[in-house]
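Accompanying notes for the structure given below.
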Amino acid sequence: MARQYILQRAPAAAGIHIDYAAELNEQQLAAVTASPGPLLVIAGAGSGKTRTLTYRVAYLLENGVDPRNILLLTFTNKASRQMLDRVANLLPVDASGLWGGTFHSIGNRMLRRHGTVLGYSSSFTILDREDQKDLIDTVVSGAGINPKEIRFPKGDVLADIFSFTVNTERTIEELLAEKFPYFLPLIEQIKDVHARYERKKKATNSMDFDDLLEKTLRMLKEHGEVAAFYRRQFQFILVDEYQDTNKIQADFIDTLAAEHRNVMVVGDDAQSIYSWRGANFKNILAFPERYPDAQIFKIELNYRSVPEILAVANAAIAPNVQQFRKQLSATRDTKELKPAIVALRDGGEQAQFVAQRILELRDEGIELDEIAILYRAHYHAVELQLELSRRGIPYQITSGVRFFEQAHIKDVAAFIRFVANSRDEVAFKRMVKLLPGIGNKSADTLWRAWEASLHANGEVTNWSERLVPMPVGARSKKSWEQLAYTLDEIAPRGAANPPSEMIISIVAAIYDDYAKANFSNYDLRREDLNQLAAFARQFKDAHEFLSQLALISNVDAEAAPNQNAETEAVNLSSVHQAKGLEYHTVFVIWLTDGMFPSARSLEAPEAIEEERRLFYVAITRARDELYLTYPQMRFNAGYGDMFQRPSRFLKEIPTQLLEDWQVGRG
DNA sequence: TACGTGGCGCTTTTT
DNA sequence: GCGCCACGTA
């Protein structure tokens with residue numbers, strides 16, 4: 001019988017107390033020290049939202065709340081990490097028992113612990129968008145739908161549809177009627193595919209991103225004992241960026257908080273920019289209706305930006321009809337420098353302007369990593385990257401293709417996924433298709449054989465024993481055997497080695513040759529794989545490693561391996577990914593109708609409002625200097641050169657708030 | 001059945 | 001200026 005031994009937390013060190021009144025302004029202080037119960041904090045941009053949440057956590061801890069009883073939901077994992085670091089700096093406590101992270105990562109943790117009540121083993125695989133699309137495609141062909149006969153939506157469109165129904169808690173009918181009316185005639189087949197997809201995920205012991213929310217919520221709703229467990233555990237729930245939650249996330253919070261109702265949500269309706277992911281800023285508007293006893297706090301003092309920038313921000317968001325009216329007021333002194341509006345001839349000249357200005361700023365002593373160039377879509381940045389490279393200006397880009405989503409990373413991860421979850425069909429097929437002579441058809445045949453072997457023989461203890469006898473073509477025979485023995489090596493007797501060792505083995509035995517033969521930029525990819533192995537060293541356990549791989553975001557990427565942390569660099573980022581960040585100087589580029597706001601949003605007033613919020617987010621990233629630039633011409637493949645209209649958002653800003661820069665050519 | 005080549009269309013944002 | 005798909009060949 002094991003002895004139970006409980007470690008007690010050290011009592012809060014005497015003498016170390018936070019002087020909340022001295023460190024927070026009046027509005028922040030009220031929110032931080034509010035009595036338990038539902039709390040809504042409307043926090044304008046740059047008003048110390050993170051600070052308020054951080055101090056609230058510290059306040060709870062100082063008042064004797066056990067860290068294990070706190071749940072902190074944030075928009076990125078990085079945000080949660082930063083807040084906890086700051087709490088640790090404020091208080092001499094070990095807050096490691098506190099659960100913090102994104103909704104998806106928290107769902108993942110809960111499902112790994114208790115998902116067995118829904119019939120999932122704790123070793124389930126997480127499908128990213130590409131995996132999801134692959135699996136839906138196999139389901140579609142398995143459903144006997146002949147794409148040559150009817151125009152059936154492709155896997156990624158179906159993934160969009162299914163995902164939206166989960167995140168907004170609506171039915172497929174409703175969604176199709178509203179967003180895809182032309183697919184309505186196919187509704188029965190689409191529903192059939194959906195049912196098959198759900199069964200397939202269950203059979204392969206895998207979950208897509210949406211399942212991490214949906215299955216978690218279902219688990220709480222259908223299994224009272226699990227719900228009771230987590231309600232007891234999470235006595236205090238804090239939610240950051242509440243304006244970007246969707247229906248299911250709001251439901252998740254409400255379900256967890258159903259008894260104690262100690263839930264603090266913080267957000268800014270003017271910064272809601274994720275409606276395409278089902279986010280609904282009406283969650284924040286309607287919070288007081290769902291919690292009629294909620295205390296409401298408004299934090300409207302802006303500490304970030306100079307008054308000139310703030311005036312532009314206030315003007316930019318003003319035309320939006322749907323919002324909590326609020327007026328941010330500046331605390332900083334004026335610098336007598338108005339934000340610039342700059343017309344350029346074309347994208348190339350815009351890039352030259354930005355690059356040249358950056359060099360001047362550097363000469364003035366502004367560090368490069370205090371400068372950001374923000375844009376609506378990643379492809380807007382191509383000319384700029386060229387120009388920066390040409391001038392030798394180092395830059396860092398939170399790119400569209402994420403490190404962990406690159407083909408070579410996912411290829412190697414497929415091996416690990418498969419040994420970690422031998423029912424992972426997507427991983428199996430991806431892995432075997434790397435071998436010469438094996439394509440879709442053979443992969444499918446092999447998968448059936450593998451499934452049969454799982455049925456007949458149960459858990460795997462020896463990979464090669466089962467795999468080698470399977471029917472493969474003569475051309476693939478040799479590499480097939482090598483694959484089988486590699487699996488033996490990385491997961492002897494079925495038990496996976498540490499992730500980092502697995503990566504090294506897979507690359508050495510199989511993938512290095514594959515990469516040489518298939519990629520023209522072999523060196524780069526090989527280097528990525530080395531970095532992946534280095535990154536993996538912090539994980540002992542394959543599931544932990546794989547979850548991290550799937551759930552880490554671009555903005556989290558500083559934890560990722562592809563950073564050249566030493567060199568100081570200018571930041572290039574989409575506005576979405578810059579949310580929550582701030583810089584000394586911000587350039588917002590491609591401010592033309594069709595680029596920002598994006599062409600797709602131009603017809604729908606609701607979409608325009610969201611674009612305007614996005615514009616507002618971009619402006620409010622700037623502390624001291626802001627440049628709004630727009631090219632007057634765009635070179636466009638296919639359509640020829642096109643004249644560009646300045647963004648309608650620029651016309652909404654009173655001209656006296658901006659300084660018009662006339663750029664000549666030297 | 002696997003895989004290379006040529007034509008066409010078209011560009012958002014991400015856990 | 002690029003990625004996806006369809007087609008044709010080995």
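Letters go in sequence order (proteins before strands), and every chain restarts at 1.
Sequence order on DNA chain B of the closest nucleotides to A:R600 and A:R129 puts A:R600 first from the 5' end. Summary of the strand contacts: A:F209 and A:I438 both lie near DNA chain B, and taking for each the nucleotide with the nearest heavy atom, the more 5' one is attributed to A:I438.
The shortest distance between the side-chain N/O atoms of A:S574 and the OP1/OP2 oxygens of B:dT14 is below 4.0 Å. An OP1 or OP2 oxygen of B:dT14 is reached within less than 4.0 angstrom by no side-chain nitrogen or oxygen of A:H104. The side chain of A:R277 contributes no N or O atom lying less than 4.0 Å from OP1 or OP2 of B:dT14. Distances shorter than 4.0 Å separate none of the side-chain N or O atoms of A:S598 from OP1 or OP2 on B:dT13. At least one side-chain nitrogen or oxygen of A:Q577 sits closer than 4.0 Å to the OP1 or OP2 atom of B:dT14.
By the 5.5 angstrom centroid cut-off and the 30-degree plane limit, A:W276 is classified as stacked against the base of B:dT13.
For an aromatic pair to be called close, the ring centres must be under 6.0 Å apart, and A:Y630 with A:F596 fails this.
With B:dT13, B:dT1, B:dC3 as the candidates, the nucleotide lying closest to the side chain of A:S442 is B:dT1. Closest approach to the A:R376 side chain among B:dT12, B:dT14, B:dC3 is made by B:dT12 (side chain taken as heavy atoms from C-beta onward).
Rounded to a whole Å, the OH atom of A:Y375 is 15 Å from the C1' atom of B:dT11. Between the NZ atom of A:K133 and the C1' atom of C:dG3 there is a distance of 12 Å, given to the nearest Å.
When the ring pair (Phe, Tyr, Trp, His ring centres under 6.0 Å) test is applied to A:F164, no partner is found at least two apart in sequence or on another chain.
C:dC4 and B:dT13 have their P atoms separated by 14 Å, with the value rounded to a whole Å.
Side-chain atoms of A:H543 come within 3.5 Å of backbone atoms of A:A420 as a donor-acceptor pair (strictly under, hydrogens ignored). A distance-only check finds no donor-acceptor pair linking the side chain of A:N167 to the backbone of A:A279 [under 3.5 Å].
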